[in-house]
J.: 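This is the structure, below, for whatever I ask next.
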Amino acid sequence: TSVLDFPGCDVTGVADSTACFTAALAATAGKALRVPAGIYLLVELDLPSNIDIVCDRTATLMRNGTIASGHGGLDLAGLSNATIDGCIFEGQVTSTTGFDRASLTTPVTSTFTANSTIWVHGGKNIVIKNCTFQHGGGYPIILDASSANIDNVTLSNNTFQYNRPFLFGSPGDENYGAWPGGILAYSASAFGIQNLSITDSIFRQLTGHGIFWYASNGNSTPNRNITESRNHFKTIGLDGILDSGINGLTEEGNTFERIGFISTSDSDLVGTAKWYNGPSGLSIPAVAVDTASLVINGTRSANSVSLINGGCFDLDGYGYGNITGNRCYNPMPGDPDYDSGVASAMGPAVYGGVSTLGENYAYGFSTGNTNDTAQGAANVVIDNNSTHGLGGGGVRVYAGRGIQVSNNHIVAAGNTNGDTDHNFYAPITLGNIGTGPYQRSRNNVVSKNTIVYGGSSGIVAVFEDSHSGAFPFSSGAPGA
């Protein structure tokens, strides 16, 4: 069945086609609905269960007006057995709105979710593949398990591009990434997302996160059996992937390039390096693969990160998992791909109250346990990874208990300012993150690592820090 079998569909993008699509969906439940090539103006569609929407290669579904609060342009509420294949979703938002980061508390307020493209409210057996999402007004896809479980979802071979509805910073001075960018996965303590696969997709020129997990209770793990593999992230304003509240995670073969770079137009392929500098020296970097709260029983392997303006792997709350065979590379002076102009723009102006030198605070793998959980930063294997040119250190084990750091190859940046640059410049650091029962490092093993200094350095290879407070340190060298 084709949507053109129903009256009122305009393939020229002049007249609104919402009524025509609504009639077509109602009449073809349980069947495949074909969308021929063309441009279709749509406001909001409620999808039924047992539906396959198959778009011709150039079929474009263009948002035409404001979508009702709490709904997506395509709204999937508690349905099962739905496939969306091959559609181009055009949100028609090409300018950026600035927001003060300090005034915002949650990424799921209506400010950010309004005019999102696809919103899944619970449900099961959903496939979204071969689609392109661009110029979105909110999140391109929301997987909302705040009030009902979501099970068995496949997102594959999709492209998320040019989504820049928001940036943190004062209006007119938007200077940092944002939350909306690609996929938002939202869960609550009583409900979660299970059996989700996000693979073989492209995330590029987004001001926000590529894949963003938001768990309302960060100390629980309602999300199970999650795969995020073989995706490519380039020119992303905030994190490539931010995981939270997951038990059972596979992240393999992803590539990340230019994380922490803001693109403000479709033609701006490389973006500008940005790092949030807040009050009192507060600095928040973008991260290629980030962890918030608790993620356990995971494997992160064979991922590649280059030109990172922030961190490669932030493992705050990551426990009982493996970090193996990953590569994190920033070019240094003398490397054939070194660009002094790009390097000088990277990194914060101030970190922990100390003036810094551009990219020198980029780091490789950093454990932590901010929420002080028994499983966070416990029993992790960090093995056979490589880092290059990261002044913030290759491996930082904070709050680690039973962490194995072995067989890693670290080409350290040639930094010499050891007193004011704190311990972050050591290729390998072990230390505490606070005074909680699970925030002090113990029973860790560091063995068989190779460390090569990229220049002159007075920094030790492995630094053990007995400082009892949280980092970053406010001034002076930390206790040792």
Side-chain angles (χ1 to χ4, degrees), residues 40 42-45 47 53 55 59-77 82-97 107-121 123 126-145 150 153-167 177-186 193 196-214 228 231-242 263 266:
Y40 303 87
L42 302 168
V43 180
E44 179 187 333
L45 298 174
L47 267 61
I53 299 177
C55 290
T60 300
L61 309 185
M62 183 176 291
R63 183 171 68 88
N64 184 36
T66 301
I67 300 168
S69 179
H71 292 257
L74 293 188
D75 207 62
L76 287 67
T83 296
I84 303 169
D85 184 1
C87 304
I88 299 172
F89 294 95
E90 170 59 58
Q92 300 202 82
V93 176
T94 57
S95 61
T96 299
T97 300
V108 294
T109 63
S110 59
T111 297
F112 298 123
T113 60
N115 296 314
S116 292
T117 305
I118 295 179
W119 196 324
V120 179
H121 312 260
I126 297 167
V127 177
I128 303 172
K129 61 182 180 179
N130 306 315
C131 293
T132 296
F133 299 83
Q134 59 191 27
H135 303 132
Y139 296 94
I141 296 178
I142 298 178
L143 302 176
D144 183 353
I150 295 176
V153 175
T154 298
L155 308 178
S156 66
N157 290 292
N158 298 298
T159 296
F160 303 85
Q161 62 185 9
Y162 317 141
N163 292 316
R164 49 180 184 273
F166 306 106
L167 271 176
W179 287 318
I183 299 167
L184 171 66
Y186 174 35
I193 300 170
L196 168 65
S197 175
I198 304 174
T199 60
D200 303 298
S201 294
I202 295 172
F203 299 79
R204 62 188 173 206
Q205 293 169 257
L206 311 176
T207 53
H209 298 296
I211 300 172
F212 180 18
W213 287 83
Y214 177 70
E228 300 163 337
N231 302 291
H232 180 61
F233 302 80
K234 184 173 182 178
T235 314
I236 305 297
L238 210 48
D239 298 342
I241 300 175
L242 172 56
S263 170
D266 294 1

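Start at 1 with the first residue, then count along the sequence.
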J.: Using the ring centroid of each side chain, check whether F166 and F112 are separated by less than 6.0 Å.
T.: yes

J.: Evaluate side chain to side chain contact (heavy atoms under 4.5 Å, CB included) for F212 paired with I241, printing each intermediate quantity in order.
T.: CA-CA 6 Å; F212 180 18; I241 300 175; over 6 Å; no

J.: What's the spacing between L45 CG and L47 CG if we round to 0.5 Å?
T.: 7.0 Å

J.: Is the shortest side-chain heavy-atom distance between R63 and E90 below 4.5 Å?
T.: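 The answer is no; the side chains never approach within 4.5 Å.
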
J.: Mind running side chain to side chain contact (heavy atoms under 4.5 Å, CB included) on F160 and I141 for me, showing each step along the way?
T.: CA-CA 10 Å; F160 303 85; I141 296 178; 3.9 Å; yes

J.: CG of N130 to CG of D85: how many Å apart, nearest 0.5 Å?
T.: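 N130 CG to D85 CG: 5.0 Å, rounded to 0.5 Å.
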
J.: Not counting sequence neighbours, list each pair that qualifies as a side-chain hydrogen bond (donor to acceptor under 3.5 Å, both in side chains) and has a residue in residues 155-166.
T.: Q134-Q161, Q161-R204, R164-D266

J.: Enter the distance from I202:CD1 to F133:CZ here, rounded to the nearest 0.5 Å.
T.: 13.5 Å

J.: Have a look at Y40 and tell me which of T60, N64, L61 forms a side-chain contact (heavy atoms from CB on, under 4.5 Å) with it.
T.: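 Going through the options one by one, the only one that passes is L61.
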
J.: Could you pull out the closest heavy-atom pair between L155 and V153, with the gap in Å?
T.: CD2-CG1, 3.9 Å

J.: Does the side chain of Y186 reach to within under 4.5 Å of the side chain of L143, using non-hydrogen atoms?
T.: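 Answer no - side chains too far apart.
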
J.: Please report the closest heavy-atom contact between P180 and Y139, naming both atoms and the distance.
T.: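 Taking P180 first and Y139 second, the nearest heavy atoms are CA-CE2, 3.3 Å.
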
J.: When you measure from the side chain of H135 to the backbone of G91, do you find a donor-acceptor pair of N or O atoms at a distance under 3.5 Å?
T.: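 Here the side-chain-to-backbone pair does not exist.
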
J.: Using only the SG atoms, decide whether C87 and C131 are less than 2.5 Å apart.
T.: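 No.
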
J.: Compare every heavy atom of G72 with every heavy atom of D75, then report the nearest pair and how far apart it is.
T.: OD1-N, 2.9 Å

J.: What pair of heavy atoms forms the shortest contact from G137 to P165, and how long is it?
T.: O-CB, 3.6 Å

J.: For a quick test of reading the model, state the closest non-hydrogen atom pair linking I193 to A185 and the distance between them.
T.: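 Result for this residue pair: CD1-CB, 3.8 Å.
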
J.: If we only count heavy atoms from C-beta on, is the K234 to F203 side-chain gap below 4.5 Å?
T.: no

J.: Under a plain distance cut-off of 3.5 Å, with no hydrogens placed, do W213 and E228 share a side-chain donor-acceptor pair?
T.: yes

J.: Going by heavy atoms in the side chains, are I150 and V120 under 4.5 Å from each other?
T.: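 Of all side-chain heavy-atom pairs linking V120 with I150, at least one is under 4.5 Å.
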
J.: If the condition is ring pair (Phe, Tyr, Trp, His ring centres under 6.0 Å), which residues does H232 pass it with, not counting sequence neighbours?
T.: none

J.: Is there side-chain contact between I126 and T154, with at least one heavy-atom pair below 4.5 Å?
T.: no

J.: Return the orientation label for the H121 and W119 ring planes: parallel under 30°, perpendicular over 60°, tilted otherwise.
T.: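 Parallel, since the angle between the ring planes stays under 30°.
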
J.: Is a side-chain N or O of N231 found less than 3.5 angstrom from the main chain of D200, in a donor-acceptor match?
T.: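 Indeed, once roles are kept as given, a pair shorter than 3.5 Å links the two residues.
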
J.: Just wondering, do I84 and F89 contact through their side chains at under 4.5 Å, heavy atoms?
T.: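 Result yes, sub-4.5 Å side-chain heavy-atom pair found.
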
J.: With a 4.5 Å cut-off on side-chain heavy atoms, are I198 and I211 touching?
T.: yes

J.: Check whether T111 reaches the backbone of T109 with its side chain - one donor and one acceptor, N or O, closer than 3.5 Å.
T.: no

J.: Taking all non-hydrogen atoms of both residues into account, name the closest pair between V43 and T66 and its distance.
T.: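 In this case the closest contact between V43 and T66 is CG1-O, 3.8 Å.
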
J.: Could you measure the distance from the CG atom of L42 to the CG atom of L74? Nearest 0.5 Å is fine.
T.: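 Interatomic distance, L42 CG to L74 CG, rounded to 0.5 Å: 7.5 Å.
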
